[in-house]
Amino acid sequence: MLTQRPYGSWPSTITAADVAAGTIPLGGACFYQDSAIIQQGRPSEGGRVTLVQQPLAEGGTEKELVPAPFNVRSRVHEYGGASWLLIDEANAVIFSNFADQRVYRLSLADGTTQVLTPESRRDGEPLLRFADFSIGPSGSVLAIMEDQSSEPVRHIVQLPLDGSASDQVEQIRRLSAPARFVAYPRLNPTGEKICWISWEHPNMPWDGTELHLAEWADGGVLPDTVIAGGPAESIMQPEWVDADRIGFISDASGWWNPYLYHVSSGRTTRLIARDSEFAGPLWQVGTRWYLVESRHELLCTYGRGTGALARLHVDTGGLHELPLPFTGLRPLDVRDNWLLAAASSMSAGEQITLLNLENLEHRPLAHSIERLPEPSLLPAVEEFECRNAHGQPVHALLYRPRNAGYTGLDGELPPFVTMVHGGPTAQAQAKLSTAIAYYTSRGIGVVDVNYGGSTGYGRAYRNRLRGQWGVVDVDDTVAVIDALVEQGIADPNRVGIEGGSAGGWTVLSALTNTQRFTAGISRYGVSDLVGLVEDTHDFESHYMYSLVGPYPEAADLYAQRAPINHVAQIGCPVLLLQGDEDKVVPPAQSQVVADALAERGIPYAYVLFEGEQHGFRKAQNIIAALETSLAFYAQIFGFHADVPSLTLTGS
């Protein structure tokens, strides 16, 4: 028999401490001898990133390879990515260290470290940053080098492994002419040719990139030829299939599909034509969506809302899906008939999985969620689709309240939290989230909206947001909530909205342009577009050109869209959460909103977390942010919560 209790006040054993302590960020992985090397985050150590060695045999003991205070994290483009590489021939790992952004070589034989790049700082900030490592000629690696000493530029470079560049930057060979952005340096198997991609302001990598090819030669910069891409074609992840063929992913058709470039003939062929995405946005350099299994086959992930694993036959274009019980899967490394993959599911969250490609047997080597909640507390996910006011489809993921044994009061509809993903060029994906379960197990519904502009549904869907940020995202989010209310799923009087970064912008835009929501939470959200353009980092400094318009030419539009100029129209309480060291969306973006809310007497709370950057990594801050959010909703929606109460200024 079900026990009736008000929605929001159901007893749950999922605590904010469980969410923080049990969430281990996982990154890349590779095979090493009879084990795997796996990148893991350490929330209990302030978000430090390390590498661990995990035996492939069951029952093996994990061994940490990179000790504190080293932090395996690059600041290239501020979002980093591909910050380490196994060098088999040297029995070593190289990695970027977050504090000084220097590259270190770690001996896997005795654990000793050697610095490979020079110290370079101004006002305490590292000027040279490295990422996206790949194997170069013997005794060296290829990498992106970001130079912040004047106007930011990036090069493809050759970095020696003998330490000769540790105090002499001249020993680092610049292979490519300076470009605003470069990625994916790849040397062909015979060491005769090299390819990479680049793009320039105002493009983002999902707008347009160019694929470069050059002959390898000793000396300085390599003369190159652009063989594919352009300002309206996004090319991702070039990889050598063999010495004469380059695989890459292009959205020239409107979908990120795989292609092949034949160097000897200069011919490009599309391997498969499908209205599915075989890649995603390049927020972190070095991201892979496929692996070269052999010169005849690729292992790739593809789909729309979910990502399936398939074997793509290069010669025939045949695509054979491998049936696996995951909502998403991204291949990381392949050896013989074994695959290491980043997999996600609704029962276990994200994990690094070892997969036998012959019989498809699989088992996890590392979990992002160490202590899984009771299955009776976990929500199911439903793909939800509705139409906006223009008749266009809008996609979302629906998580209804679930806690076995409990139901709401007679005639009561559940409160709902509308989650808005960041990016905004990104996608909410179906996977177990203890943060979502934290809400749903207490009787609060969650809907995660993939508004127009989200990835996963083709370039046309992405382009709906061009010039319309703050309009389309808001309209689509409201359309989803209206549909949930119309279908009797959500209480129209208890609808919250929350999001971080670009999601925080949509939160603030929705609160200033509609009266649909009764509570809003902005985590390090954008509020002032002019301030963002003038104060954000280089990678996103021209992002607004496509999302809103060129600046300062479109200054009037920037002012019109910016939530900070319309705070008086907010009709509900607001919670602001911010890191004090955020370089992407500086604290001033939240402070101006707090000041405006105070001036107008709108109830609010502003929490500034010391030592946090763009996103909260420290366990104590993850806990505080989640408990504060629940307390905020409890006060506004009128239910009892098992967390300390929150005092709102102006209430």
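Here, residue 1 is the first one in the sequence, and each next residue gets the next number. This is a predicted model, so every value here is computed, not measured.
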With sequence neighbours excluded, tell me which residues meet side-chain hydrogen bond (donor to acceptor under 3.5 Å, both in side chains) with S454. H421

Tell me, please, which residues at least two apart from Y461 pass side-chain hydrogen bond (donor to acceptor under 3.5 Å, both in side chains). none

Output, in order, the C-alpha distance, side-chain angles, deciding distance and verdict of side chain to side chain contact (heavy atoms under 4.5 Å, CB included) for F639 and I444. CA-CA 10 Å; F639 60 79; I444 304 169; 3.7 Å; yes

How far does [atom1] of [X] sit from [atom2] of [Y], to the nearest 0.5 angstrom?
X    : Y    : atom1 : atom2 : value
L339 : D333 : CG    : CG    : 8.0 Å
S12  : L377 : OG    : CG    : 5.0 Å
L282 : Y79  : CG    : OH    : 12.5 Å

Positive for side-chain contact (heavy atoms from CB on, under 4.5 Å) with E350, one of P364, S344, P25, S345: S344

Kindly indicate, with the supporting measurements, whether the criterion side chain to side chain donor-acceptor pair (under 3.5 Å) is fulfilled by Q351 and T353. CA-CA 6 Å; Q351 58 190 31; T353 293; 3.1 Å; yes

Scan residues 396-407 for pairs that pass salt bridge (charged side-chain N to carboxylate O under 4.0 Å, His left out), counting only residues two or more places apart or in two chains. E382-R400

For residues 484-501, pull every pair meeting salt bridge (charged side-chain N to carboxylate O under 4.0 Å, His left out), keeping only residues two or more places apart or in separate chains. E412-R494, D491-R494, E498-R523

Counterpart residues, salt bridge (charged side-chain N to carboxylate O under 4.0 Å, His left out), relative to E78 (two or more places apart): R75, R129

Residues W289, E277; criterion side chain to side chain contact (heavy atoms under 4.5 Å, CB included); working and verdict: CA-CA 10 Å; W289 294 275; E277 300 281 50; over 6 Å; no

How are the rings of F539 and W283 set to each other: parallel, tilted or perpendicular (split at 30° and 60°)? perpendicular

On the 0 to 90° scale, with breaks at 30° and 60°, tag the F637-Y633 ring pair as parallel, tilted or perpendicular. parallel

Contacts under 3.5 angstrom, residues 617-626 side chains, donor-acceptor by atom type, not counting sequence neighbours:
residue, atom, partner, partner atom, Å
N621, ND2, E612, OE2, 3.0

List the steps and the verdict of side chain to side chain contact (heavy atoms under 4.5 Å, CB included) for L484 and F384. CA-CA 9 Å; L484 292 178; F384 187 83; 3.7 Å; yes

Of the non-hydrogen atoms in D582 and P587, which two are nearest, and what is the gap between them? O-CD, 3.8 Å

Which atom pair, heavy atoms only, marks the closest approach of A641 to A634? CB-CB, 3.6 Å

May I ask you to check whether over 12 heavy atoms, not counting those of E610, lie within 6.0 Å of atom CD? no

Would you say the ring centroid of F616 lies under 6.0 angstrom from that of Y524? yes

Just do the side chain to side chain contact (heavy atoms under 4.5 Å, CB included) check on Y451 and V480 with the steps written out, would you? CA-CA 9 Å; Y451 48 82; V480 169; over 6 Å; no

